[in-house]
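Note: hydrogens, waters and symmetry copies are ignored here, and every other heavy atom, side chains too, is used. In this chain, residues are counted from 1 in sequence order. Ligands are counted one by one from 1 in listed order, and the atoms in each one are counted from 1 as well.
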Amino acid sequence: MTMKVVLAYSGGLDTSIAIPWLKERYDAQVVAVTVNLGGEKDSGDVHERALAAGAIKAMTVDGKEAFVRHFVFPALQAGAIYQGQYPLATALGRPLIARYLVEVAQRESAQAVAHGCTGKGNDQVRFDLGITTLDPSLRIIAPAREWSMTREEEIQYAHSRQVPLRLGQRSPYSTDENLWGRSIEAGNLEDPWQEPPEEAFAWTRSPEKAPQTPLYLEISFDQGLPQALDGEEMGGVALIQHLNNMAGEHGVGRIDHLEDRLVGIKSREVYEAPAAVVLHAAHKALESITLSRDQLRFKERVAREYAELVYNGLWYTGFHQDLDAYVRSTQRYVTGTVRLKLFKGSCTVVGRSSPYSLYQHDLATYDKGDRFDHRASVGFIHIYGLPGRTQARLQPLDLPDLGGNG
Ligand code: ARG
């Protein structure tokens with residue numbers, strides 16, 4: 001009996017040869033679904049290529065708006081950056097793609113969903129968890145987890161089945177792109193001692209070749225959501241696209257990460273994420289003047305949990321919904337404008353302002369107009385130091401010998 005399979009089709013090497021492979025191995029009718037999250041531009045011919053490879057149907061879903069609104073911006077508000085380096089572009093895209101796949105599978109009365117992930121990565125976990133959580137009745141097939149071909153063998157398989165390949169599919173790198181960033185792995189990047197070669201990058205100019213004059217920009221937020229770029233209001237998708245171009249031009253957004261995968265492997269991953277780097281810096285700067293010290297400290301812990309959860313494929317969980325609710329609540333007064341300077345690969349915050357700023361000049365100033373009561377500090381320090389003095393009196397401190405120079 002033939003079965004109907006909805007395949008997440010990117011047009012890359014793995015998903016292209018997955019079409020004939022699914023037909024041969026499972027006698028499947030393949031419906032190819034391409035989800036556009038703002039990645040590769042030359043996707044004009046994906047449908048023809050999917051059909052040429054043997055799909056019975058090919059369709060594209062434009063997920064850009066939903067991606068920014070429901071995945072990217074909540075993660076930005078959370079400050080979610082995995083291991084302090086990776087803004088999670090690929091990781092945020094997977095749960096949305098999973099949801100579209102499930103929707104198409106239900107509409108098409110398909111019995112299975114397929115994706116091109118290998119058995120070594122995080123993406124298989126994100127897809128499988130997303131799909132089985134949203135519809136446990138769907139069977140999941142991951143051809144690349146079953147076929148164990150090297151990249152070279154895959155290219156040969158493509159030739160033997162007359163699957164047309166694009167030039168990029170012969171590149172030594174495995175890449176994934178969406179609005180929030182470009183992930184690059186494999187090839188010579190697998191040597192963690194070697195600097196990533198220039199040809200690995202596509203969105204960013206090398207800092208050495210970036211313009212000699214800095215670019216200043218202003219980003220405005222409303223309740224933690226980016227609203228305007230240099231005073232011009234625009235939607236999230238356009239704002240991110242603009243920032244990717246502007247910051248990429250100045251060499252901002254290159255990330256070289258020795259990363260810990262969920263499956264236990266340490267792996268060298270390179271990213272380009274110009275807009276994500278700039279927006280995280282700006283958002284953090286705005287939080288620094290609108291949130292209290294306690295809110296900032298606790299939110300840092302939430303950010304780490306949020307990043308782990310996204311990375312580990314746990315988007316569709318109650319834990320995520322709870323953290324998300326907390327994060328949203330923290331953003332009530334994160335409104336204002338941040339000024340940044342982009343220069344030869346660096347992104348520096350140089351100004352911040354907010355109608356809800358907790359920064360009060362008459363408290364902070366060392367000049368005229370100081371309202372802070374200096375004498376009150378004496379009593380404050382006396383009480384603040386009480387437990388320390390008490391303990392040091394009763395339990396003498398162990399102090400190192402400074403060598404008799406005192
Ligand atoms: N290591 C990253 C992650 O797990 C990126 C994976 C990207 N996939 C790729 N084919 N390059 O999110």
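- Closer than 4.0 angstrom to ligand 1 lie heavy atoms from Tyr86, Thr90, Ala91, Asn122, Asp123, Arg126, Ser174, Thr175, Asp176, Ser183, Glu185, Glu259, Glu269, Tyr271, Tyr311.
- The aromatic ring centres of Trp315 and Phe71 sit less than 6.0 Å apart.
- Aromatic ring orientation, His115 versus Phe127: parallel (interplanar angle below 30°, classes split at 30° and 60°).
- With sequence neighbours excluded, the residues that form a salt bridge (Lys or Arg N to Asp or Glu O under 4.0 Å) with Arg126 are Asp123.
- Ring-plane geometry between Phe372 and His374 is classed as perpendicular, the angle between the planes exceeding 60 degrees on a 0 to 90 degree scale with a lower cut at 30.
- Aromatic ring orientation, Tyr271 versus Tyr86: parallel (interplanar angle below 30°, classes split at 30° and 60°).
- Using cut-offs of 30° and 60° on the angle between ring planes, the pair Tyr326 and Phe298 is perpendicular.
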